[in-house]
Amino acid sequence: MGRTSRKPTGIFITLEGGEGSGKTTHARRLCEWLRTQGLKVLHTREPGGTLLAEQLRNLLLDKSAETIAPETEAWLILAARRQHVDHVIKPALADGMTVVCDRFSDSTMAYQGYGRGLDLRVLETMNDWATGKLVPHLTLLFDVPVAVGLRRRQQTSSQNRLDREAKRFHEKVRSGFHALARREPRRITVIDSAQSLESVTQTVEELVMNWLKTHHAGKSRRR
Ligand SMILES: Nc1ncnc2c1ncn2[C@@H]1O[C@H](COP(=O)(O)OP(=O)(O)OP(=O)(O)O)[C@@H](O)[C@H]1O
Ligand SMILES: [Mg+2]
């Protein structure tokens, strides 16, 4: 699929949060639940989602990589985002699908901006350039204390380049996410992901159900 000029009609939901906060687990569960509601769903992730973007993801997460300057990291992530938006997200939205994306623009602001210290306004402009100003309709921010998230990750996943960052870096990312949520409370909802898996799942479903009732009743194409 190439560039599309069709107007997006589907719903765009992003899941955000720090390492091990539950994004991937809840993206999967949310997609299953949305399908039971009769919606056509696309589950995707960032960095990644296209062949080139997944290759960039591998480079970014490779723990044996040479030192990557914050600016280089930002350019690579945004290059991957543009591919993803053009080839996957926009065509799916134009098709009336509900797109559920594991990380998107807020991660760039939180990690490269608040975490690495890149200028937030510059990043915002660059990100607008990468997304063509595509903004999620709804963002779920999974929030856990840094130590809890890192412990959960250690128990289950192999370590990547970002796991090697100091706790202080992850704290800056977490408070960056909080700052973003304060700035855009209508789009971003903070979810206490330190609760049990089942309780967080229920919170997510109730929240999305209410959002759909209020904003999108009957607008998205059914299966
Ligand atoms: N509320 C929870 N209670 C207990 N364990 C949880 C909870 N949420 C997620 N987990 C577990 O924590 C681990 C990390 O979760 P997950 O991979 O979904 O997080 P993530 O945000 O996608 O992490 P990453 O930053 O690595 O992509 C998984 O093993 C998952 O089962
Ligand atoms: Mg994940």
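Order of appearance sets the numbers: ligands from 1, and atoms from 1 within every ligand.
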Original post:
Which of the atoms in ligand 1, numbered in the order shown and given with their element, are less than 4.0 Å from a heavy-atom of Ser21?
Top reply: 19 (O), 20 (P), 21 (O)

Original post:
Can you tell if the side chain of Leu150 reaches within under 4.5 Å of the side chain of His170, non-hydrogen atoms only?
Top reply: yes

Original post:
Can you tell me the protein heavy atom closest to atom 23 (O) of ligand 1 and the distance?
Top reply: Gly20 N, 3.0 Å

Original post:
From Leu15 CG over to His26 NE2, what is the distance, rounded to the nearest 0.5 angstrom?
Top reply: 9.0 Å

Subject >> Distance below 2.8 Å from the Mg ion (ligand 2): protein N/O/S atoms >> reply: Thr24 OG1

Original post:
Can you tell me the protein heavy atom closest to atom 28 (C) of ligand 1 and the distance?
Top reply: Thr156 OG1, 4.0 Å

Original post:
Can you get from Leu123 to Val173 by hopping between Ile, Leu, Val, Met, Phe, Trp and Tyr side chains that sit under 4.5 Å apart?
Top reply: yes

Original post:
Quick one: nearest non-hydrogen protein atom to atom 19 (O) of ligand 1, plus distance?
Top reply: Gly22 N, 3.0 Å

Original post:
If only atom types and distance count, is the side chain of Arg174 paired as donor or acceptor with the main-chain N or O of Asp143 below 3.5 Å?
Top reply: no

Original post:
Less than 3.5 Å between some nitrogen or oxygen of Ala194 and one of ligand 1, yes or no?
Top reply: no

Original post:
Is there a donor-acceptor pair under 3.5 Å between the side chain of Arg57 and the backbone N or O of Pro47?
Top reply: yes

**OP:** Report, in ascending order of atom number, the atoms of ligand 1 lying under 4.0 Å from any heavy atom of Ser196.
**Re:** 1 (N)

Subject >> Closest candidate by heavy atom, reference atom 15 (O) of ligand 1, pool Leu162, Thr201, Asp192, Thr25 >> reply: Thr25

Subject >> Glu19: numbered ligand 1 atoms lying under 4.0 Å from its heavy atoms >> reply: 25 (O)

Original post:
Is there a donor-acceptor contact under 3.5 Å linking the side chains of Glu206 and Gln202?
Top reply: yes

Subject >> Distance-only polar pair, side chains of Ser105 and Asn127, donor-acceptor under 3.5 Å >> reply: yes

Subject >> Contact check: Lys23 vs ligand 1, nitrogen or oxygen atoms, below 3.5 angstrom >> reply: yes

**OP:** Any atoms of ligand 1 less than 4.0 Å from a non-hydrogen atom of Gly18? List them with their elements.
**Re:** 21 (O), 25 (O)

Original post:
Can you list the atoms of ligand 1 that are under 4.0 Å from a heavy atom of Ser193?
Top reply: 1 (N)

**OP:** Determine yes or no for a side-chain-to-main-chain donor-acceptor pair under 3.5 angstrom, with Arg161 supplying the side chain and Leu60 the backbone.
**Re:** yes

**OP:** Given salt bridge (Lys or Arg N to Asp or Glu O under 4.0 Å), test Arg103 with Glu19 step by step and report yes or no.
**Re:** CA-CA 11 Å; Arg103 291 196 188 278; Glu19 308 301 306; 3.3 Å; yes

**OP:** Please say whether Arg153 places an N or O atom under 3.5 Å from an N or O atom belonging to ligand 1.
**Re:** yes

Original post:
For atom 11 (C) of ligand 1, what's the nearest protein heavy atom and its distance?
Top reply: Arg152 CD, 4.0 Å

Original post:
Can you tell me how far CG of Asp106 sits from CD of Glu16, rounded to the nearest 0.5 angstrom?
Top reply: 4.5 Å

Original post:
Heavy atom of Gly149 under 4.0 Å from ligand 1?
Top reply: no

Original post:
Is the shortest distance from a heavy atom of Gly17 to ligand 1 less than 4.0 Å?
Top reply: no

Original post:
Counting only heavy atoms not in Trp33, do more than 12 fall under 6.0 Å of its CH2?
Top reply: yes

Subject >> Test of proximity, Val200 against ligand 1: N or O pairs below 3.5 Å >> reply: no

Original post:
So which bit of Gln195 gets within less than 4.0 Å of ligand 1, heavy atoms only: side chain, backbone, both or neither?
Top reply: backbone

**OP:** State whether Glu32 and Arg28 are salt-bridged, where the test is any N-O pair (Lys NZ or Arg NE/NH1/NH2 against Asp/Glu carboxylate O) under 4.0 Å.
**Re:** no

Subject >> Min heavy-atom dist Arg103 to ligand 1 below 4.0 Å >> reply: yes

Original post:
Does the His215 side chain pair with the main chain of Trp211, one donor and one acceptor, at a distance under 3.5 Å?
Top reply: yes

**OP:** State plainly whether the residues Glu165 and Arg116 are in salt-bridge range, i.e. N to O under 4.0 Å.
**Re:** yes

**OP:** Measure from the side-chain N and O atoms of Thr9 to the backbone N and O of Asp95, and report whether any donor-acceptor pair falls under 3.5 Å.
**Re:** no

